[in-house]
2 protein chains.
Amino acid sequence: MDPRPVRIALVEDDKELRELLRAGIERADTLRLVRTFADGEDFLAAFPSLDVDVVLMDINLPGKNGIDCIREAKPMKDNVQFMVLTVFENPAYIFQALSAGATGYLVKNEEPEALHAAIHEIRAGGSPMSSAIARMVVASFQTEVQTKIHDHKLTEREKGILDQLATGLMYKEIAAKSEISTETVRKHVRNIYEKLQVGSRMEAIRLVYPKGL
Amino acid sequence: MDPRPVRIALVEDDKELRELLRAGIERADTLRLVRTFADGEDFLAAFPSLDVDVVLMDINLPGKNGIDCIREAKPMKDNVQFMVLTVFENPAYIFQALSAGATGYLVKNEEPEALHAAIHEIRAGGSPMSSAIARMVVASFQTEVQTKIHDHKLTEREKGILDQLATGLMYKEIAAKSEISTETVRKHVRNIYEKLQVGSRMEAIRLVYPKGL
DNA sequence: CTTACAATAACACGTTAGTGGTATGGTGCC
DNA sequence: GGCACCATACCACTAACGTGTTATTGTAAG
């Protein structure tokens, strides 16, 4: 659709893979590989004067890792899209990368055609993810209100109280909304803490929303 | 790859669209449409004895909406995958649906081929999402550590304190880890609250991690 | 009909968090 | 040198939270 080819930068320290990817990209006339980097520092130094649409970024780089590179580079040019290209399916990396500003995340064993499609998709406003990655991202939403409150053998009342507790409401606010006394709220909270084996609001929340980083 | 066709249930109240989808699915010999429903209640009643791999679910249904249906049905058979099929690109629906247990989310104007590919992908362990949907999901991660701690003109020290504060540590614990007095921690926290215009730990956290539901 | 448990409620006490004010030493800028 | 800003630190006070204990009511299980 767009007659102009997508301008691409590639940051990948492994020479063999870099050349492989380069060859694949240069074979497509809808893509244009502007420049490659073997090192995060080099990339960051060159990025301000680099005119590209999409950056393909490895995570495990010498010097500065790919996630930190994205975190620093993304705010400079918000319309440049960063696609992580890595062998790691570690959830921690995925969430860190997305938080840092990546909009796509592919595992490296994708077919060249899939990579090309993903590049066009990210350019067009999508967020291409390898299927296992997408599933993990989706799963992070599900452990959110699913396992947590709905498990742990809390009573319905207790789940409701915990929910409000996690929202940051004070006992007196919870009491008002639930139309019970604050003393009762305190009692419920104590029972919740006992069942969850925690001793403070924050600990309970962290059990319920294991989000942190 | 799998010789057995993917068994599908379709829940869609609009008769025209339902027949259109049915025709599209029945044309593919790798897919098998087991049954269709026009109503959430009907679907829930039949679901326990329904032998399917994937459920295509509209959100806007008469009686019981699609999100509530997923929330109730998913725990019954955890290996059945639910794909939301809707015209709504409202972020609230997306996150609710994913939290409820959906693993795929397509907007309705997808090509039949894309729908078929998505059905196989969800069956194979992926999470197919239309590109605009995926982008919204990814965006929800980015407002996570991005805007928050890295903005708000907090000093480095303050960001670190806020980080630990959000983790649920007590002042004295933060003091120990940072090797400063608890009094200093208190001072930093006061400055943080002032800059963020909040008045409690929970409010600060909710500013920084706007995750809640 | 007990027994068990959930939900309600209250009182007392100690701990932690939030708010006010004040002060000192260090760094960088003009 | 003077100014702004950050990090450090302390004191005093109030508000909110966490803990121990006890008690009444309703309801479901046995």
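Chain letters run A, B, ... following the sequence lines, proteins first, then strands; residues in each count from 1.
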Visitor: Specify the separation, in whole Å, of atom CG of N191(A) and atom P of dA9(C).
Guide: 14 Å
Visitor: Side chain of E158(A) only, heavy atoms from C-beta on: which candidate in dA7(C), dG20(C), dA9(D) is closest?
Guide: dA7(C)
Visitor: Answer yes or no: does a side-chain N or O of R157(A) lie under 4.0 Å from OP1 or OP2 of dT8(C)?
Guide: yes
Visitor: Rounded to the Å, how far apart are Q164(B) CD and dA17(C) C1'?
Guide: 16 Å
Visitor: Short question: side chain of S178(B), backbone of I174(B) - any donor-acceptor pair under 3.5 Å?
Guide: yes
Visitor: Does dG18(D) have OP1 or OP2 under 4.0 Å away from a side-chain N or O of Y193(A)?
Guide: yes
Visitor: Whole Å only: how far is the CD atom of E173(B) from the P atom of dT16(C)?
Guide: 10 Å
Visitor: Atom NE2 of H188(B) and atom P of dA17(C): how far apart are they, to the nearest Å?
Guide: 16 Å
Visitor: Taking for each residue the nucleotide of DNA chain C with the nearest heavy atom, is it K187(B) or G199(B) whose nucleotide lies nearer the 5' end?
Guide: G199(B)
Visitor: Pick base, sugar-phosphate or nothing for T184(A), based on heavy-atom distances below 4.0 Å to the nucleic acid.
Guide: base
Visitor: So does F95(B) get a backbone contact from the side chain of S99(B), meaning a donor-acceptor N/O pair under 3.5 Å?
Guide: yes
Visitor: How sharply is the helix from dC1(C)-dG30(D) to dC30(C)-dG1(D) bent, taking the axes over five pairs at either end and rounding to 10 degrees?
Guide: 40°
Visitor: Would one find a side-chain N or O of S181(A) under 4.0 angstrom from OP1 or OP2 of dT8(C)?
Guide: no
Visitor: Restricting to non-hydrogen atoms, name the atom on G104(B) and the atom on I122(B) that form the minimum distance, rounded to 0.1 Å.
Guide: N-CD1, 3.7 Å
Visitor: Could you state the atom-to-atom distance from NZ of K159(A) to P of dA6(C) in whole Å?
Guide: 12 Å
Visitor: List every contact pair, protein side and nucleotides 12-15 of chain C side both N or O, where the distance is under 3.5 Å.
Guide:
residue, atom, partner, partner atom, Å
dA12(C), N6, R186(A), NH2, 2.9

Visitor: Under a plain distance cut-off of 3.5 Å, with no hydrogens placed, do E110(B) and S130(B) share a side-chain donor-acceptor pair?
Guide: yes
Visitor: Cation-pi check, K74(A) to F82(A): give yes when NZ or CZ is under 6.0 Å from the six-membered ring centre and within 45° of the ring axis, no otherwise.
Guide: no
Visitor: Judged by atom type as modelled, is there a donor-acceptor pair below 3.5 Å linking the side chain of K77(B) to the main-chain atoms of L50(B)?
Guide: yes
Visitor: Roughly, in whole Å, what's the span from CD in E194(B) to P in dA17(C)?
Guide: 20 Å
Visitor: Does the base of dG20(C) carry an N or O that pairs as donor and acceptor with the side chain of R190(B) under 3.5 Å?
Guide: yes
Visitor: Counting N and O atoms only, with roles assigned by atom type, does the side chain of D13(A) sit under 3.5 Å from a partner on the main chain of L61(A), one being a donor and the other an acceptor?
Guide: no
Visitor: Between D58(B) and K108(B), is there a side-chain N and carboxylate O pair less than 4.0 Å apart?
Guide: yes
Visitor: Please give, in whole Å, the distance from dA7(D) P to L162(B) CG?
Guide: 13 Å
Visitor: If I take atom OH in residue Y171(A) and atom P in nucleotide dA10(C), what distance separates them, rounded to the nearest angstrom?
Guide: 16 Å
Visitor: Rounded to the nearest 0.5 Å, what separation is found between the CZ atom of R7(A) and the CZ atom of R35(A)?
Guide: 15.0 Å
Visitor: May I ask you to check whether E121(B) and S127(B) show a side-chain donor-acceptor distance below 3.5 Å?
Guide: no
